[in-house]
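One-based numbering along the sequence shown. First listed ligand is number 1; within each ligand, the first listed atom is number 1.
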Amino acid sequence: MARCLRLLFVSTPVGPLGSGLGGGVELTVVNLVTALAQRGHQIEIAAPENSEMIGANLIQIPGTLQPTAHTQGRDTPAIMVENAVLSNQWAYARQVQHSYDLIVNFAYDWLPFYLTPFFDIPIAHFVSMGSLSRVMDRAVSRVNDKFPGTLGAYTQTQVDTFPARLTWQLLSSAVDLTRYNYCDTPEAALVWLGRISPEKGLEDAVAAAQETQIPLKILGKLENQDYWETIQRTYPNAPIDYLGFVNTQQLQAIVRRCQGLLMTPRWVEAFGNVAIEALACGVPVVAYRRGGPAEIIDHGQTGWLVEPDHVAGLVEGIQKLDSIDRHHCRQQAESKYSLSALGIRFEQWFDTIIRQHQ
Ligand code: HBI
């Protein structure tokens, strides 16, 4: 096992850890802290104030939250708000950098990529979404050229959205299986998980619920109120039930009792952590064949991959859910998405970066 690493994680600036605003990357940070601490590494996390995480050494950084990149266009400029928590996080990181072997960036923002050459300590950049803007593509490419091997991502389909010449470490994702309880006898209900925002395509899942009249439970951060109200107005007869943003314990207690999870990404979902959370409960997934879910779901074995943006395909997949072996779904989560395997992958990536930097 590698020596004990002293790691500084700099979390996403769009929201405090535990708020749900950071979406899948929050879960990745939580899982990584658990997996790497189990391997003897020391981790501290510089995160926006009001962050909460059991068992983590949090450094609460004040300042204004960063506007989310996934709502901007390809020509959006790099944004720096007044008293940005992003700039305060990186001023702190620069100040304390010599107490660490490696800094790990989880922000999908221009500043940390631009600052990398000005740091003495190496920085690993975990990129949590596909390509969204030219300014970020350029910032990511410059880090790739000056510090090859320091770009990490979830999946091949995600990195395929970036300029082809970049080299990436593919790290996939994981779930803490001890937090998800398998259920063999579901109720007649479906579930949809995620930030309620247009790129997540919730309207298609609601349309499928209206067509099948199977109750659909909806869980996640209500990020876009107008979008949510439009969906409700468009599908007045859909049997839907919005249960808010809940913690993992409450989420799995609801998900495990459902027949299946619906995934309807409009964008190239970098991974889709909700898919492996469902599998960990034995819940099969009906997903658009797009982005991370297309790499995670084994068609016909752990769910059904359907034609993107076609509600009819979702309905067809829903009607075939009971032919999927739920126990096999749990087994796939255990064999492909365990926390210990995640810890080893990241530890090897970090070791390589530190060795190359010396
Ligand atoms: N937007 N500007 C910005 N920075 C982030 O780190 C960021 C984001 N939007 C979404 C997001 N992170 C996470 O929800 C995804 O990476 C999962």
Which of the numbered atoms in ligand 1 are under 4.0 angstrom from any heavy atom belonging to [X]?
{"X": "D109", "value": "2 (N), 3 (C), 4 (N), 5 (C), 6 (O)"}
{"X": "P13", "value": "6 (O)"}
{"X": "Q66", "value": "2 (N)"}
{"X": "A107", "value": "6 (O)"}
{"X": "G24", "value": "17 (C)"}

Item to check | Nearest-contact summary for atom 11 (C) of ligand 1 - protein heavy atom, Å | outcome: M129 CE, 3.9 Å
Item to check | E269 and W267: CA distance, side-chain angles, deciding distance, side chain to side chain donor-acceptor pair (under 3.5 Å) verdict | outcome: CA-CA 6 Å; E269 187 77 40; W267 65 343; 2.9 Å; yes
If you count the non-hydrogen atoms of other residues, nucleotides and ligands that lie under 6.0 Å from [atom1] in [X], is the total more than 12?
{"X": "R6", "atom1": "CZ", "answer": "yes"}
{"X": "R289", "atom1": "CZ", "answer": "yes"}
{"X": "H310", "atom1": "NE2", "answer": "no"}
{"X": "E52", "atom1": "CD", "answer": "no"}

Item to check | Residue selection (non-hydrogen contact nearest atom 15 (C) of ligand 1) among S11, S128, G23 | outcome: S128
Checklist entry - Looking only at non-hydrogen atoms, which of L132, T12, L86, T76 approaches atom 5 (C) of ligand 1 most closely? => result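 Of the listed residues, T12 has the closest heavy atom.
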Counting only nitrogen or oxygen atoms and a 3.5 angstrom limit, does [X] reach ligand 1?
{"X": "H70", "result": "yes"}
{"X": "G22", "result": "yes"}
{"X": "P67", "result": "yes"}
{"X": "A69", "result": "yes"}

Next on the checklist: To the nearest 0.5 Å, what is the distance between NE2 on H70 and OG on S197?
Outcome noted: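 Atom-to-atom, H70:NE2 and S197:OG are 4.0 Å apart.
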Next on the checklist: Which residue is it: F126, W168, Y337? I am looking for the one with a ring-ring contact (aromatic ring centres under 6.0 Å, His included) to Y154.
Outcome noted: F126
Checklist entry - Between Q332, R330, Q331, which is the residue that forms a side chain to side chain donor-acceptor pair (under 3.5 Å) with E334? => result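 Passing option: R330.
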